[in-house]
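Written below as structure tokens is the structure these notes are about.
This is a predicted model, so every value here is computed, not measured. Every heavy atom of this structure was used, including side-chain atoms; hydrogens, water molecules and symmetry mates were not.
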Amino acid sequence: MAQIVENQLFAAAQAIEQQLDQEIDRLDSFDSDDLKALREKRIQEMKKLNNKKQEWLRNGHGTYSELADEKEFFEVSKKSPNIVCHFYRDSSERSRIVDMHLKILAAKHIEAKFCKVNAEKTPFLTQRLRIKVLPTIALVKDSKTKDFIVGFTDLGNCDDFSTEMLEWRIAHSGAIEYKGDLMQPPDVKRKPFINRAQKTIRGGYDSDDSDIDLDD
């Protein structure tokens with residue numbers, strides 16, 4: 001695991017360094033004070049982004065991992081404001097389908113922490129988030145639970161949805177950065193997603209309690 005993180009840090013640093021070199025070359029020909037200021041601002045922004053990516057990787061972003069218990073979940077929430085957390089049960093085949101997709105997305109979206117917890121081993125957390133159906137994916141943005149993906153209803157109500165479909169659905173919470181069209185699901189043949197945030201969160205429980213501050 002340490003070697004994987006080290007490799008990811010090195011690759012991220014190389015990518016940012018290359019971007020910086022390209023940006024410097026592009027802006028080197030500018031002479032006016034305004035353009036010089038723009039050049040410096042852009043370089044500083046890219047350096048800041050690089051530092052943020054390095055911090056994400058040090059905090060375990062970029063990999064899909066299992067959390068042992070509630071304590072570890074709250075420790076992760078203190079370091080990572082954006083979390084995609086899969087609540088699963090060992091006997092659930094659909095949970096294994098979710099695992100497959102989240103492992104791919106974790107490597108792609110290092111801006112969020114992708115993890116999973118065994119709902120049967122974390123009763124306090126499961127009850128606090130009022131999770132009643134497995135698998136459920138809790139979507140945390142800025143240390144607050146913003147949405148839940150309950151079962152596969154929002155993913156076309158089928159088991160063979162694409163990774164892109166799950167990515168698109170997660171993006172509605174703001175927990176990950178998304179460059180596609182949030183109004184159009186990538187799996188166009190599937191049942192279209194209609195803003196179910198209220199319905200999904202309320203599925204048998206009070207929406208006022210869904211916006212949980214994980215820093216409590």
Decide salt bridge (Lys or Arg N to Asp or Glu O under 4.0 Å) for Glu93 and Arg96; before the verdict, give the C-alpha distance in whole Å, the side-chain angles of both, and the deciding distance to 0.1 Å. CA-CA 5 Å; Glu93 180 62 33; Arg96 286 186 279 275; 3.0 Å; yes

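- Judged by distance alone, the side chain of Thr63 and the main-chain N or O of Gly60 form a donor-acceptor pair under 3.5 Å.
- With sequence neighbours excluded, the residues forming a salt bridge (Lys or Arg N to Asp or Glu O under 4.0 Å) with Asp99 are Lys116, listed by chain and number.
- Considering only residues two or more places apart in sequence or on other chains, Lys108 meets the salt bridge (Lys or Arg N to Asp or Glu O under 4.0 Å) condition with Glu167.
- With sequence neighbours excluded, the residues that form a salt bridge (Lys or Arg N to Asp or Glu O under 4.0 Å) with Glu120 are Arg89.
- For Ser173, there are no side-chain hydrogen bond (donor to acceptor under 3.5 Å, both in side chains) partners at least two apart in sequence or on another chain.
- A search for side-chain hydrogen bond (donor to acceptor under 3.5 Å, both in side chains) contacts involving Glu177 returns nothing, not counting sequence neighbours.
- Shown here are the side-chain hydrogen bond (donor to acceptor under 3.5 Å, both in side chains) partners of Glu70, two or more places apart in sequence or in another chain: there are none.
- With sequence neighbours excluded, the residues satisfying side chain to side chain contact (heavy atoms under 4.5 Å, CB included) with Asn59 are Glu55, His61, Lys79, Ser80.
- With sequence neighbours left out, the side chain to side chain contact (heavy atoms under 4.5 Å, CB included) criterion links Lys103 to Tyr64.
- For residues 90-140, the ring pair (Phe, Tyr, Trp, His ring centres under 6.0 Å) pairs, not counting sequence neighbours, are His101-Phe161.
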Test Ser65 against Lys113 for side chain to side chain donor-acceptor pair (under 3.5 Å), laying out the working first. CA-CA 9 Å; Ser65 59; Lys113 172 61 180 176; 2.8 Å; yes

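- Every residue meeting the salt bridge (Lys or Arg N to Asp or Glu O under 4.0 Å) condition with Asp159, not counting sequence neighbours, appears here in chain and number order: Arg94.
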